[in-house]
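Right, one structure below, let's go through it.
First the proteins, then the strands, lettered A, B, ... as listed; each starts at 1.
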Amino acid sequence: MSQSLVQIRGVKKSFGTTRVLDGVDLDVAKGEVVCVIGPSGSGKTTLLRCINLLETYDDGSIKVDSVEVGYEDGSGSRKRRSERALAPIRADIGMVFQLFNLFPHLSALENVTLGLTKVRGISKAEAKDRATHWLTRVGLADKLQSLPSQLSGGQQQRVGIARAVAMGPKVLLLDEITSALDPELVGEVLSVVQGLAKDGMTMIVVTHEMTFARDVGSRIVFMDDGRVQIDGPSREVLANAASHERLKSFLARIEMKH
Amino acid sequence: MDYHFNFNFVWRYADKLYWGLLLSLEIAFVSILIGMVIGLGLALAYTGGGRLVRTAIAAYVEFIRNVPLLLLVYLVFYGIPSAGGFAYDAQTSFVATLALYSGAYLVEVFRAGLDAIPKGLIDAGKSIGLTPWQRFLYVRMPMMFRIVLPSLSNVYVSLFKDTSLAYVIAVPELTYGANWIKTNTFRVIEVWLVVWPMYLVTCYVLLHGLRLLERRFSLVRR
Ligand SMILES: Nc1ncnc2c1ncn2[C@@H]1O[C@H](COP(=O)(O)OP(=O)(O)O)[C@@H](O)[C@H]1O
Ligand SMILES: [Mg+2]
């Protein structure tokens, strides 16, 4: 049996008394692009944030490359990993944020090299080469020295992607990375993601871009009420949407917004 | 109305003003430096600490901020040594006072700065695998300093002016020098006509320098 790269089992998470994740199961194989869709508030962001422990999960298990991310292996009792112990685990899990979260005091280049030099321990010169390579790849060769404030939203998000990908992560988490962008800038960002998919990058993509989910996603996962309601090959899920009441009405609502 | 200005006396003792100004600057510099260490340390302790730590820090801040600086100067110079049965020189005492005083103001400035760092940047730091210490060094500190720089400028200038209070315990800084000349020559107006622009120009230069620094570290352009 081939083990999934990301294996999520029965994950539960509450904020106070509100249960946000209510037993999530999900498997992502190497090279897969899993698109997570679902109404606002259904727990998509929380799920992604649990995978790299930006939020702790209360119950269940999340394994990335066979390593339980949130808790120390071994002993029966669940002992939370320290922030220090989490750092190398997180370094292997890339994340791109809805609101970019670029370091505003660093240039585009420095945003990418920071993790390479400080976390990966790569020399300054080599880090610069690698960062330049990725920034060129996302079409920002002429913006290396720009501060985030000097870049458009689409450009900032592409720096965000370069920053995550340059680290050489095992899996990339993308949380509605185009929803804060002007419509005319969405394409340039999605085409970068599409290129990564072609290269075989494993990705979990929270998105409302159904065309992208259908054409680029290997699978669609529909979340609602803190659970995975539907999980299947993209085209199949969309073709059978009519027979699933919640998915149907969700897609109808998205359709109207566009 | 026939007062005859005579600056000769002022020029004769100009070195008292010159060295006085230098000492004022030195006192301000050293106390602010110590105050920054106090302020940053306590701001971090406050942000990461429990209730007890927070209450203690808040008490320190409230105490210092609600007592006139002049009273603190007397308290540290006369009060503490007589209670503790030891002595230190006036300048040391004043530097300690101003450091404690600026520390209390800077705690608030730094704390506000730390609070103002967008949460998303910390998340981004975590997501690329920075350890807590690296996040502190490469994300939180540089961001905090950029956020607080404008308020720091104001604190610095007002602390520089506060050095003039050292004259009440006979530290030979600028105001003390001016007073000395005044008492010994009775040229009151002339002395102040010289000292006033000395403070003014120094404050202006300080402020201008800090504005340059702000621009250098601006998040908007380079
Ligand atoms: N830090 C938090 N504290 C309290 N409630 C939260 C927090 N983050 C998210 N929630 C709540 O959890 C629910 C799921 O949020 P989220 O995971 O962001 O959903 P989605 O990304 O699918 O829109 C929402 O009801 C939201 O209000
Ligand atoms: Mg969300």
request  = Determine, step by step, whether A:F103 and B:I128 satisfy the side chain to side chain contact (heavy atoms under 4.5 Å, CB included) criterion, reporting the C-alpha distance in whole Å, the side-chain angles of both residues, the deciding distance to 0.1 Å, and the verdict.
outcome  = CA-CA 12 Å; A:F103 304 120; B:I128 58 170; 4.1 Å; yes
inquiry  = Is there a side chain to side chain contact (heavy atoms under 4.5 Å, CB included) between B:K126 and A:M95? Walk through the geometry before answering.
reply    = CA-CA 10 Å; B:K126 288 179 180 176; A:M95 187 158 201; over 6 Å; no
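To the nearest 0.5 angstrom, B:M143 atom CE is 9.5 Å from A:L106 atom CG. To the nearest 0.5 Å, atoms CG (A:L99) and CG (B:D123) are separated by 11.0 Å.
Summarising the local packing, CZ of A:R80 is surrounded by 12 or fewer heavy atoms from other residues, nucleotides or ligands at distances under 6.0 Å. For A:Y71, the OH atom sits in a packed shell: over 12 heavy atoms of surrounding residues, nucleotides or ligands are nearer than 6.0 Å. The number of heavy-atom neighbours closer than 6.0 Å to OH of B:Y105, taken from other residues, nucleotides and ligands shown, is above 12. Other residues, nucleotides and ligands contribute at most 12 non-hydrogen atoms within 6.0 Å of the NZ atom of A:K30. The neighbour count for B:Y167 OH, taken as heavy atoms of other residues, nucleotides or ligands under 6.0 Å away, does not exceed 12. Under a cut-off of 6.0 angstrom, the local environment of OH in B:Y18 is sparse, with at most 12 non-hydrogen atoms contributed by other residues, nucleotides or ligands. The number of heavy atoms from other shown groups lying within 6.0 Å of OH (B:Y204) does not exceed 12. For B:H208, the NE2 atom is loosely surrounded, since the number of other residues' heavy atoms within 6.0 Å does not exceed 12.
Taking the side chain as every heavy atom from C-beta outward, B:P132 and A:E83 approach each other to under 4.5 Å. B:L130 has its side chain within reach of A:L114: a pair of non-hydrogen atoms, C-beta onward, lies under 4.5 Å apart. Here the side chains of B:S127 and A:L173 are not in contact, with every heavy-atom distance at 4.5 Å or above.
Looking only at distances, a side-chain donor or acceptor of A:S149 sits under 3.5 Å from a matching main-chain atom of B:L219. When atom types are taken as modelled, the side chain of B:Q134 and the backbone of A:K118 share a donor-acceptor pair closer than 3.5 angstrom. A:H105 contributes no side-chain N or O that, together with a main-chain N or O of B:F217, makes up a donor-acceptor pair within less than 3.5 Å.
Interface remark: of the candidates B:G129, B:P118, B:A124, B:G120, B:G129 forms the most heavy-atom pairs closer than 4.5 Å to chain A.
In this structure, chain B has no heavy atom under 4.5 Å from any part of A:L53. Contact annotation for A:R49: only side-chain heavy atoms (C-beta onward) come within less than 4.5 Å of a heavy atom of chain B. For chain B, the nearby part of A:L54 is the side chain; its heavy atoms alone come within less than 4.5 Å.
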